[in-house]
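Below is one structure, written out as structure tokens, with a few remarks after it.
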Amino acid sequence: MLDPLLLKNDLDSLKDNLKRRNLDVDLEQLIELDESRRKLRFEAEKLRADQKSLGKDIANAEPKEKDALLEKASQISENVKKLFDEVEEKDKVFYDLWVKIPNLISSTSPDGKTDEDNAEIKQVGDIKNIDNPKDHLEIAEKLGLIDVQKASEVSGSRFSYLFGDLVKIEFNLVSWALDILSSKGFTPTVPPVLVRENALYGTGFFPDDAEQVYEIPNDDLYLVGTSEVPLAALHSDEILDIENLPIRYAGFSTCFRREAGTYGKDTTGIFRVHQFDKVEMFSFCNPEKSEEEHEFILSIEEELLQALEIPYRVVDVCAGDLGASAAKKYDIEAWIPSQNTYREVTSCSNTTSFQARRLNIRAKSDGETNILHTLNGTAIAVGRILIALIENNQTEDGKVEFSDAVAEIIGVKILG
RNA sequence: GGAGGGAUGGCCGAGCGGACGAAGGCGAUAGUCUUGAAAACUAUUGUAUGUAUUCCAUACCGUGGGUUCGAAUCCCACUCCCUCCGCCA
């Protein structure tokens with residue numbers, strides 16, 4: 001959520017932002033609603049002040065004056081109630097519209113409408129020459145490492161069984177990543193994956209992306225699609241000391257996504273599944289340093305991919321392709337030989353004050369209390385890293401062979 | 001799952017219908033004293049909003065409703081925590 005004061009103080013940047021995002025919003029209406037709710041609240045508070053002082057008079061009044069005062073007071077009381085009801089109603093109308101306004105985009109994000117307009121920043125790593133590359137499923141199925149057939153019978157489409165060395169690789173990857181992150185100031189964290197509605201609103205997944213979230217209606221809980229949600233909510237309603245920032249967490253969790261609206265997209269193997277494991281970085285940050293922190297998070301993502309010898313490119317996501325909460329976002333796409341293209345394996349966003357305001361997380365410095373900034377980024381999305389590892393290191397005879405350096409990390413030299 | 005007890009400011013803790021935004025203590029900050037420190041004493045000590053801008057008003061005593069002219073205080077629901085019993089990785 002943005003600061004409603006923008007309507008009063010910085011209308012131009014708001015207008016500019018909506019234009020860059022290619023959105024049409026009736027700002028005039030919002031300004032009117034904002035003004036009228038403020039005005040009404042002011043009136044209601046004035047009357048409330050009258051009521052309170054009259055209340056004190058009643059307590060001190062002579063018995064014979066009391067009846068008259070009481071009658072007057074009960075009238076004011078009724079009006080106060082009515083006025084505050086109206087104020088609440090107006091606030092609700094205003095905020096229902098206001099929360100839908102997306103975050104202000106960084107001036108450094110490229111213009112554009114779709115992912116095709118994203119700006120490629122660089123390509124890193126050598127792409128191996130592989131004749132007739134096989135896709136990860138074909139390779140792993142033959143080796144008995146993945147079974148999606150059986151998984152679909154047990155759980156439906158977009159689920160998988162991982163076996164044997166892939167499981168070994170997963171746990172080695174996770175533990176390796178957590179070690180590196182830990183050395184960079186991220187506290188390793190296993191967060192809850194079932195959360196209340198509030199955490200999803202606070203992080204901006206609700207109301208916009210609610211259809212992507214699994215729901216447990218009996219208990220009013222939701223399965224998170226990323227540990228970003230419980231990590232962000234970890235400090236909700238807190239005032240942190242700015243001296244202690246940044247506060248960084250590395251969350252490991254299983255992630256659940258309904259993938260509604262993706263029928264027919266990425267149907268092969270484990271690229272797009274309802275359930276996968278991920279190590280996620282999250283940072284609570286001094287607003288003045290969030291751009292720096294964003295670059296830092298990106299650099300860690302690159303470091304990890306480089307160590308795994310996965311060829312990738314970095315993309316600066318354009319205005320039109322940014323989610324509601326991001327001011328700026330970098331995606332890293334790994335080279336996927338079977339698709340002859342780069343595909344997203346990590347993503348890091350600076351959500352500036354957008355999530356922090358909704359979650360009511362502030363920072364205190366020299367007596368001043370301000371909203372802080374939050375950032376998130378993928379460290380290891382296990383499924384997609386496995387795909388990149390398998391496909392980029394496949395051999396002609398249908399096996400997978402890793403370099404000594406990579407084998408050192410993942411604990412496996414050859415799949416086959 | 002059953003039976004009880006509880007939730008008040010940074011922390012502890014009093015208040016159980018009217019002068020309570022909340023006693024008292026601890027902690028923190030500043031000052032006095034001191035060569036310096038400690039001790040002692042004095043003062044300050046939350047958050048947010050506003051047509052207020054060193055003043056004032058309003059809201060906040062777990063959350064949401066209700067009763068009342070008036071609620072931290074009474075009533076209802078919910079959430080969380082603690083103790084005991086049962087079950088359990």
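Letters A, B, ... mirror the listed sequences (proteins, then strands); counts begin at 1.
Rounded to whole angstrom, the span from the CG atom of Asp219(A) across to the P atom of C78(B) amounts to 15 Å. Computed from coordinates, the Asn9(A) CG to G50(B) C1' distance equals 14 Å when rounded to whole Å. Distance, Phe42(A) CZ to U51(B) P: 8 Å, rounded to whole Å. Following rounding to the nearest Å, Lys72(A) (NZ) and G70(B) (P) show an atom-to-atom distance of 15 Å. In this structure, the CG atom of Asn244(A) is 16 Å from the P atom of G10(B), given to the nearest Å. The interatomic distance linking Leu5(A) (CG) with U51(B) (P) rounds to 9 Å, in whole Å. The CG atom of Asp50(A) sits 14 Å away from the C1' atom of G70(B) (whole-angstrom rounding). Atom CG in Asp241(A) sits roughly 16 Å away from atom C1' in U47(B) (whole-Å rounding).
Under a 4.0 Å N-O distance rule, the pair Lys184(A)/Glu303(A) qualifies as a salt bridge. Ion pairing between Glu35(A) and Arg38(A) fails under the 4.0 Å rule for side-chain N and carboxylate O.
Taking atom C1' in both G27(B) and G6(B), one finds a spacing of 25 Å when rounded to whole Å. Across the C1' atoms, C60(B) and G9(B) are found 11 Å apart, a figure rounded to whole Å. Spacing of P atoms, G2(B) relative to U58(B), comes out at 45 Å, to the nearest Å. One C1' atom belongs to G13(B), the other to C20(B), and the distance between them is 16 Å to the nearest Å. Distance check on atom C1': U68(B) versus G18(B) gives 12 Å, rounded to whole Å. A7(B) and A19(B): their C1' atoms are spaced 27 Å apart (whole Å). Nucleotides C74(B) and C61(B) are separated by 14 Å at their P atoms, to the nearest Å. Rounded to whole Å, the separation between the P atoms of G25(B) and U44(B) comes to 13 Å.
Using cut-offs of 30° and 60° for the angle between ring planes, the Phe186(A) and Phe296(A) rings count as parallel.
For the side chain to side chain donor-acceptor pair (under 3.5 Å) test with Lys328(A), the passing option among Thr108(A), Asn350(A), Asn103(A), Thr351(A) is Thr108(A); the others fail. Remark: of the listed residues Leu166(A), Leu386(A), Ile387(A), Leu166(A) is the sole one forming a side-chain contact (heavy atoms from CB on, under 4.5 Å) with Ile146(A).
Nearest nucleotide to the Ala59(A) side chain, out of G18(B), U47(B), A57(B): G18(B). Distances were taken from every side-chain heavy atom of Lys52(A) (C-beta onward) to each of U58(B), U51(B), U47(B); the shortest belongs to U58(B). Closest to the side chain of Ile239(A), out of C80(B), U47(B), U51(B), is U47(B).
Interatomic distance, CD1 of Ile361(A) versus CD of Gln355(A), reported as 8.0 Å (0.5 Å rounding).
In this model, the phosphate group of U47(B) is approached by a side-chain N or O of Lys364(A) to a distance below 4.0 Å at OP1 or OP2. Side-chain nitrogen and oxygen atoms of Arg41(A) include none within less than 4.0 Å of the OP1 or OP2 phosphate oxygen of U51(B). Under 4.0 angstrom from either OP1 or OP2 of G50(B) there lies at least one side-chain N or O belonging to Arg38(A).
Residues satisfying the ring pair (Phe, Tyr, Trp, His ring centres under 6.0 Å) criterion with Tyr342(A), sequence neighbours excluded, are Trp335(A). The ring pair (Phe, Tyr, Trp, His ring centres under 6.0 Å) check on Trp98(A) picks up Phe94(A), with sequence neighbours excluded.
Nucleotide A43(B): paired with U29(B) (Watson-Crick or G-U wobble, both distances less than 3.5 Å). With a cut-off of 3.5 Å on both Watson-Crick or G-U wobble distances, the partner of U34(B) is given as none. Across all strands shown, A14(B) has no partner, as no Watson-Crick or G-U wobble contact with both distances under 3.5 Å is found. Pairing partner, A77(B): U63(B), with both Watson-Crick or wobble hydrogen-bond distances short of 3.5 Å. In this entry A57(B) has U49(B) as its Watson-Crick or G-U wobble partner, both defining distances falling under 3.5 Å. Nucleotide G1(B) has C85(B) as its partner under the Watson-Crick or G-U criteria, with both atom distances under 3.5 Å. Pairing for A19(B) is absent, judged as Watson-Crick or G-U wobble with the two contacts each under 3.5 Å.
Counted within 6.0 Å of CD on Glu292(A), heavy atoms from surrounding residues, nucleotides or ligands total 12 or fewer; the atom is thus considered open.
Across all strands, Arg37(A) comes closer than 4.0 Å to no nucleic acid atom at all (heavy-atom distances).
Where Lys46(A) and Glu43(A) each meet RNA chain B at their nearest nucleotide, the meeting point lying more 5' is that of Glu43(A).
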Heteroatom pairs (N/O) under 3.5 angstrom, protein to nucleotides 60-69 of chain B:
unit_1 : atom_1 : unit_2   : atom_2 : d
C69(B) : O3'    : Ser77(A) : OG     : 3.2

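For Phe282(A) and Tyr249(A), the gap between ring centers reaches or exceeds 6.0 Å.
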